[in-house]
Colleague: 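Can you read through this structure? Questions will come right after.
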Number of protein chains: 2
Amino acid sequence: MSTAASPTETETARLLRVLEAAGKRNTAQRVAICRALAAHPGHPTVAEVFASVREEFPMMSQATVYNTLETLRELGAIIQLDIANHDHIHYDLDVRPHVNVVCRHCENIADLHIESVTALIEEAGARSGFEINHTAGLILYGVCPECRSGFSDLGAEQSSGAEQSAGGRR
Amino acid sequence: MSTAASPTETETARLLRVLEAAGKRNTAQRVAICRALAAHPGHPTVAEVFASVREEFPMMSQATVYNTLETLRELGAIIQLDIANHDHIHYDLDVRPHVNVVCRHCENIADLHIESVTALIEEAGARSGFEINHTAGLILYGVCPECRSGFSDLGAEQSSGAEQSAGGRR
DNA sequence: ATCTCTGCAAACCATTTGCACGCTT
DNA sequence: AAGCGTGCAAATGGTTTGCAGAGAT
């Protein structure tokens, strides 16, 4: 391991580099948070990051996690995923413009790298006059293949039966 | 007024029609809520709808408003806008696939009808295997023209100064 | 008679906030 | 010495929930 590091290592380093470049202090807590983020495969929530970090730093407070994640988001190092009807905010380490598809039943989140997204964002900026910054995910909602086959009767959503399986409130 | 009604009337009728088609009872409260929705030009929040309806029905409870809006959303009659860092959920009467652009400073929401959105949604569905239902808005974030010129110094977002002007908690 | 819908009001709980202490610069 | 960052713990407040009564079918 000299030139190439593990993806996790690389990601951690990237996050820390962003913080450093912004003149932020790389405290032990922040390093731990960045590592926890990078270690999580999917789209970690604040709670998940908090839990991971707690193992190493039992004293760490939620506020620190919230602060750091918000800082990283402001700096564009991570993307915020505010998913309708989900209790927790998710984060996405993949900052390249892409689409997140969320299942309304099992709450699964899929990443979809579609070419035209970049063009869409550019066109949206041009047409609206907004300066678009991709610090939040582009989210689409639907029903994933597993849930579609599992609950064979409810094709779309207007079913009366079991809405949402895992999550809940808001 | 015989063949053509006002847009507001039309919209109200559309909402009621959807409810009726789904076998829901068109109670006085629901009619009032639909009217309030249709009367609101932009992207009304639950609180706004509630306030409007309260003028006519001082007894109406929040629960009823929440219930009805959720019902309308399930039926695809309105679109839910879960905007990051906004305190309230917004709704959009325009159910055609489109993009909503949100200003991170003034919380303004713009509608953008971009051709390629439909194609994007279809491609996302095809590639992910999800059955995508457009009951939530496709949201992009940025800084609107007014805020860009107003706060001339903060071009992007990583400024240290005043984040968010109007809103703020969650 | 049955079932849906509404009003009421308490409960929920993720997120936010204020302050004081500690550590870095 | 000055300031950023953290821990702590309480507050916040939009949204949800349970239940009983009213109204529709």
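Every chain is numbered from 1, with letters handed out A, B, ... down the list of sequences.
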Colleague: What's the closest nucleotide to the side chain of B:I89 if the choices are D:dG23, D:dT6, D:dT15?
Modeller: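 Selected nucleotide: D:dT15.
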Colleague: Counting side-chain heavy atoms from CB outward, which of D:dT15, D:dT6, C:dG7 is closest to A:Q29?
Modeller: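 Taking heavy atoms from C-beta onward, the closest nucleotide is D:dT6.
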Colleague: So do B:V117 and B:L138 actually touch side chain to side chain, heavy atoms under 4.5 Å?
Modeller: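 B:L138 reaches B:V117 side chain to side chain.
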Colleague: On DNA chain C, check which nucleotide each of B:N67 and A:N67 is closest to and give me the residue with the more 5' one.
Modeller: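 On the 5' side of the pair lies B:N67.
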Colleague: Can any side-chain N or O of A:H98 pair as donor or acceptor with the backbone N or O of A:R96 at less than 3.5 Å?
Modeller: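 Checking the backbone N and O of A:R96 against the side chain of A:H98, a donor-acceptor pair under 3.5 Å is found.
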Colleague: Nearest-Å distance, CD1 (B:I83) to P (D:dT15)?
Modeller: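 That distance rounds to 12 Å.
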Colleague: Which nucleotide in the list C:dT15, C:dC8, D:dC8 gets nearest to the side chain of A:Y66?
Modeller: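 That would be C:dT15.
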Colleague: Starting at atom OH of B:Y91, determine the distance to atom P of D:dT15, rounded to an integer number of angstrom.
Modeller: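 In whole Å, D:dT15 P and B:Y91 OH are 8 Å from each other.
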Colleague: Which heavy atom in A:I33 sits nearest to a heavy atom in A:T64, and how many Å separate them?
Modeller: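 Scanning both residues, the minimum pair turns out to be CD1-O, 4.0 Å.
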Colleague: Grab the CD1-P distance between B:I33 and C:dC5 for me, whole Å please.
Modeller: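 Rounded to the whole Å, the gap is 12 Å.
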Colleague: To the nearest Å, how far apart are A:K24 NZ and D:dG3 P?
Modeller: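 In whole Å, D:dG3 P lies 15 Å from A:K24 NZ.
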Colleague: Could you tell me whether the phosphate oxygens of D:dG7, OP1 or OP2, come under 4.0 Å of any side-chain nitrogen or oxygen in A:T64?
Modeller: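 Yes, A:T64 has a side-chain N/O under 4.0 Å of OP1/OP2 on D:dG7.
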Colleague: Between D:dC4, C:dT15, D:dA9, which nucleotide gets closest to the side-chain atoms of A:A63?
Modeller: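 Taking heavy atoms from C-beta onward, the closest nucleotide is D:dA9.
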Colleague: From D:dT6, D:dT25, C:dT6, pick the nucleotide closest to the side chain of B:R25?
Modeller: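 So the nucleotide nearest the side chain must be D:dT25.
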Colleague: Measure the distance from CD on A:Q62 to C1' on D:dA10 and round it to the nearest whole Å.
Modeller: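 Result: 12 Å.
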Colleague: State which of D:dT15, D:dG5, D:dG7 makes the closest approach to the side chain of A:S61.
Modeller: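 Of D:dT15, D:dG5, D:dG7, D:dG7 is nearest to the side chain of A:S61.
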Colleague: D:dG7, C:dT24, D:dT6: which one has an atom nearest the side-chain heavy atoms of A:R30?
Modeller: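 Looking only at heavy atoms from C-beta outward on A:R30, the closest nucleotide is D:dT6.
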Colleague: Specify the separation, in whole Å, of atom CG of B:L69 and atom C1' of C:dC5.
Modeller: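 Spelled out: CG on B:L69 to C1' on C:dC5 is 15 Å.
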Colleague: Using atom CD of B:E48 as one end and atom P of D:dG14 as the other, report the distance to the nearest whole Å.
Modeller: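 Rounded to the whole Å, the gap is 13 Å.
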Colleague: State whether B:R14 and B:E11 are salt-bridged, where the test is any N-O pair (Lys NZ or Arg NE/NH1/NH2 against Asp/Glu carboxylate O) under 4.0 Å.
Modeller: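 Between B:E11 and B:R14 there is a salt bridge, with a charged N closer than 4.0 Å to a carboxylate O.
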Colleague: Write down the distance between CZ (B:F57) and P (C:dG7), rounded to a whole number of angstrom.
Modeller: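 That distance rounds to 8 Å.
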Colleague: Looking at A:T27, I'd like to know whether one of its side-chain N or O atoms comes within less than 4.0 Å of OP1 or OP2 on D:dT6.
Modeller: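 Affirmative; the distance criterion is met.
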Colleague: Given A:Q29, which of A:M60, A:E56, A:M59 fulfils the side chain to side chain contact (heavy atoms under 4.5 Å, CB included) condition?
Modeller: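 Going through the options one by one, the only one that passes is A:M60.
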